[in-house]
Each structure stands twice: as structure tokens, then as C-alpha cells.
There are 2 protein chains.
Amino acid sequence: MKDSKKEFINPLFTVDSVLFTVVDNQLKVLLVKRAIEPFNGRWALPGGFVDVKQDDNTDMTAQRKLYEKTGITPKYLEQLKVFSGLNRDPRGFSVTLTYFALVAYEDTEPHINTVEEATWTEINELRNLPLAFDHREIIEAAFQRLQQKALYSMVPVYCCAEKFTVGQLKSVVEVIINKPLQRKSLMRRIEASGMFKEVDQKVQSGGRLAQLYSLKPDVDVVHFERNLGA
Amino acid sequence: MKDSKKEFINPLFTVDSVLFTVVDNQLKVLLVKRAIEPFNGRWALPGGFVDVKQDDNTDMTAQRKLYEKTGITPKYLEQLKVFSGLNRDPRGFSVTLTYFALVAYEDTEPHINTVEEATWTEINELRNLPLAFDHREIIEAAFQRLQQKALYSMVPVYCCAEKFTVGQLKSVVEVIINKPLQRKSLMRRIEASGMFKEVDQKVQSGGRLAQLYSLKPDVDVVHFERNLGA
DNA sequence: TAATTAAGTGTCTCAGTGACATTATTTTTA
DNA sequence: TAAAAATAATGTCACTGAGACACTTAATTA
């Protein structure tokens, strides 16, 4: 039949997500332990097959798989890249669409702790962990994308709580780009982006009280014309 | 069988490419006429199914399909984005991985003219053409990516011939970003990028002879820290 | 009450782009 | 043949936004 021919041609298609968060001045990636072959028992990115009945598109597949495996709904989600090839999956030619996602650690803690098979892994500890498939390479690509985006946009704010101080955002960005950042530069961008509003509330921080900011509703991420920290 | 279950879950997967070129101060996209259902007879992006026997990965699928349909091997090819959904293909849930590609018109002319069913369409004329699937949306996304890249990288050079003058590249960039560009700015970037070498040859251009440049072998596209033409 | 700590401001420097004048070299035209 | 026109290439100044860092402000802590 025509159908079987198409199916034969069609490669294995999956969706995987690289979910980042920042906690304790460390950049962490969410890994789940595989419970089936291949790579049974290994750490892997959360993901799986599209379910045509539930998913209107692949974005929903990514969201659904993250939620099913960890109870997390990320604040930020965008496509990263497709990885494909004959050798990346022992079952044959496979294609995985990967996503790049961010959450505030505060939004995840209650969920993640109840899930036995999911864990936050510090980005540098990955070198010692054997991962399933080419997931190490995928994480590396996601990490580079995150670093780049941190230089010309405010995406790192999605690793912050709903209300955040300049100091907190500064710390998050510094962890991501792995170098010090001028507080002044960040303040200029908060102002210039127009993405944020000052919350009528301050919070203690060891010194003078810090102004809280929050995202305006329905704003898009602004892209600047220059990079930080050349 | 396990296999049949997997195949059932698997959506229809295709690869499509948005191939741009610049000629006569116009930005053009390559379209091919569909010869099968659905959308038989409509203009569409060149693409098709992965052939596991021939393709090591999806990049090769994109290249192969472009070559099969038009004889063109683009100088530049990168992943754009995945488009997916239940309604974009009448056959059911489908996923298409799209690529974004550039060629010099000079490299294509002999081929394209021999192919009845392929044509270069000016980007603004697309509004009047009914395209297959969501291909108009895909082209729009590719166009925006191209415009962005032209602001912070030298990718437009892949729309130039192997040897090109500053004036030619300037003209290509201006067509892409649709605004005038300072010759001086471009020269600074040619110098700063280190991607090019001066060819020991000049060419006439109506006035003073123009220096020819060419890409150094095996260079990566340099990304600048500022955008052009704020 | 003074010291400490972190928030927030003021301002100078620096680098890269935009603008545009100037010079250089070729073709075209009177 | 000389002047004009055309395009290439260079020089230089202004503008903008990031980096650096001193300074002020307002809280906690000793």
C-alpha cells in the first residue's frame, strides 16, 4: 500500500528538550532516567514521540513530555535544532527535534522532588556522565545558544522568579555567560527593553532595599543591536 | 508488532528548502511546481521525503532534493525551523524541517533554465501566488532570518559569485535588508572578518577599477557584535 | 553610632557604525 | 585631448551604547 511505503521512508521522529535553570550560582540541565531500550537506565533529555491525538504541533509535544516527566511547564520554550542520522539511534535512521527551555528554579522545586527519575545536573558535571544517544552534543548546542542569547537579549530573565531584583538577574546572567557583568549595563537594558515594570515593593538584600521588577504581560523578548561583554 | 506501533505514532516527515538568490537588484526564491497530490500543480518549496538509503542525515536530504529538482548545489545551507501541525497537510499530522539556503545566480543559470518546473520568484510577487501548504509562511520566516543575518554577519556573500567586488556585495546586502548601506561600513567588516582575501585582479565597473575579493578556504561565517543599520 | 553591605547614579572612556568630504583612477563626452 | 562623469577607495568626525569605576543612598550589623 501507499501508506506502508510512506511509513517505510519515514524515519523515527522524536522531540527532546534541554531545560535549563540557575540555582546556587550554577547552571543546571534537567535529565531523566530512561526506562526502556535503547540506553535503558541512562540519563537522557526529557522527550518522546509525538501523540497526534493530544498534540496540535511539536511545541505541544515538548511541553507535554516535560510536564509528564517532571510536572514542569517552562516559562520559555523555543526550537533549537534538528539532529538526525543513521547512527544516533541503534534502531535506525532517526530524527529528533530539540527544544531549548528555561524555568525559574522556584517554579520547579515542588514538582521535581516528587519525581524519582528526574534530576538537575550542573552543566560541567555532564562530562562525567554517560548520556543516551547524542544528548551530550545536543546539550552543548543548547548551551551555546543560551550563552549567545544572553548577550543580545533578556532571555535569562526566564530563569528568574516572577518578581526579581537587578542583582538576581545580574547573577543569573553571570552564571550563564560565565563572566562578570556590569550592573550598570544590565540596568540600561532593563530600562531600554521596555519589557519590565517596577513592582510597588522592595526586598531586603543585606544592604539597601532592592527594587523588584516583573515582566509586563504579553511582551516579546527584545533583541539588542549590540552584544554584551565583548 | 512493535514496529507498526511506532510507525503509527510517527507523523509524516519532510524536508523543504527556501533557496534565495539576488539578481537584477531583486531578492528571489526558488519554487517548483508540484506534480502530485496534495496541491498538485501549485508552486511549492523544493523538498521531499528522507531517503534512508541515500541520506546520512537531513542536511543531505535537503541538498539532494535541491539537486534533483534543479541541479543546484547551494553555497550556503542551514536549518531554519520545523513547521508542524494537524492542518498543514490534508493527509494528517505532518512535520517539515525547513532549510535556508543561498546561491549566486551565476552558479544556477545554466541548470535552472533546463528545468521546466522550477522558477525564481521575486519575494514581493509571492503575495499574488497561491502556494502549497504553509509555504508562504515558511518563506516569510526564512526571509526574516536572512534579513537578521545580513545585519550581523557576512552570509549575503554567498549570493555573490566566487570573485566579487565591494560594490557587488553592497548591492546584494542592500537588496536583502531593503535599505541603503554605507560602503565604508561594509569595507570595515570585510577587513575585520578576516574571511576574505584580495584577488590579484581588478575589474572594470564604469569608473575606477574595482578590487576583487574571494572567500578564504574553509572559513566559518563570522558574527559581529553589533548590527548594521540600526 | 560607626562600619559594612548592597542598591542605585553620574560620568568618562572606548569601539564600531553612520555620514560625508576627499582623493584616486577609469570611462565617457565635448 | 582635455574636461566631465562615474565609481572605487580613504580620511575623519559625530553618535551611540557598553565597560569601568567613583560616588551617593539606604538598609543591616557590630
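Ranking dT12(D), dA20(D), dG8(C) by closeness to the Val166(A) side chain, first place goes to dG8(C). In this structure, the nucleotide among dT12(D), dA7(C), dG19(D) sitting nearest to the side chain of Leu228(A) is dG19(D).
To the nearest angstrom, P of dG10(C) lies 14 Å from CZ of Arg183(A). The interatomic distance linking Phe224(A) (CZ) with dT17(C) (C1') rounds to 19 Å, in whole Å. In this structure, the CG atom of Asn227(B) is 14 Å from the C1' atom of dG18(C), given to the nearest Å. Nucleotide dT26(C) holds its P atom 8 Å from the NZ atom of Lys202(B), rounded to whole Å. In this structure, Leu181(B) atom CG and dG16(C) atom C1' are separated by 14 Å, rounded to whole Å. If you take CD of Glu174(B) and C1' of dG18(C), they are 14 Å apart, rounded to a whole angstrom. Summarising the geometry, the separation between OH on Tyr152(A) and P on dA18(D) is reported as 15 Å, rounded to the nearest angstrom. Protein atom NZ of Lys179(B) is 10 Å distant from nucleotide atom P of dA19(C), rounded to whole Å.
At the phosphate of dA19(C), OP1 or OP2 sits under 4.0 Å from a side-chain N or O atom of Gln182(B). Remark: Arg226(A) is not in phosphate contact with dG16(C), judged by side-chain N or O atoms under 4.0 Å from OP1 or OP2.
Distance check, rounded to the nearest 0.5 Å: CZ of Phe143(B) to CG of Asn178(B) gives 6.5 Å.
Judged by distance alone, with hydrogens and angles left aside, the side-chain atoms of Gln147(A) form a donor-acceptor pair with the main-chain N or O of Ile176(A) at under 3.5 Å. Without hydrogens or angle criteria, Arg226(A) side chain to Arg226(B) main chain gives no donor-acceptor distance under 3.5 Å.
Residue-environment remark: CG (Asn128(B)) exceeds the threshold of 12 foreign heavy atoms within 6.0 Å.
Lys184(A) contributes no side-chain N or O that forms a donor-acceptor pair with the base of dG8(C) under 3.5 Å.
In this model, a donor atom of one side chain and an acceptor atom of the other lie less than 3.5 Å apart for Glu140(A) and Gln144(A).
A salt bridge links Glu174(B) and Lys170(B); the closest N-O separation between the charged side-chain nitrogens and carboxylate oxygens is under 4.0 Å. Salt bridge present: Lys65(B) and Glu68(B) bring a charged side-chain N and a carboxylate O closer than 4.0 Å. By the 4.0 Å N-to-carboxylate-O rule, Glu78(B) lies close enough to Lys149(B) to be salt-bridged with it.
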Please tabulate the protein-to-nucleotide N/O contacts below 3.5 Å involving nucleotides 25-30 of chain D, giving atom names and distances.
{"unit_1": "dT25(D)", "atom_1": "O2", "unit_2": "Arg208(A)", "atom_2": "NH1", "d": "3.0"}

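Scanning for ring pair (Phe, Tyr, Trp, His ring centres under 6.0 Å) contacts around Phe164(B) gives Phe196(B), with sequence neighbours left out.
Near-neighbour residues of DNA chain C inside residues 187-198 of chain B, defined by a heavy atom below 4.0 Å, number-ordered: Arg188(B), Arg189(B).
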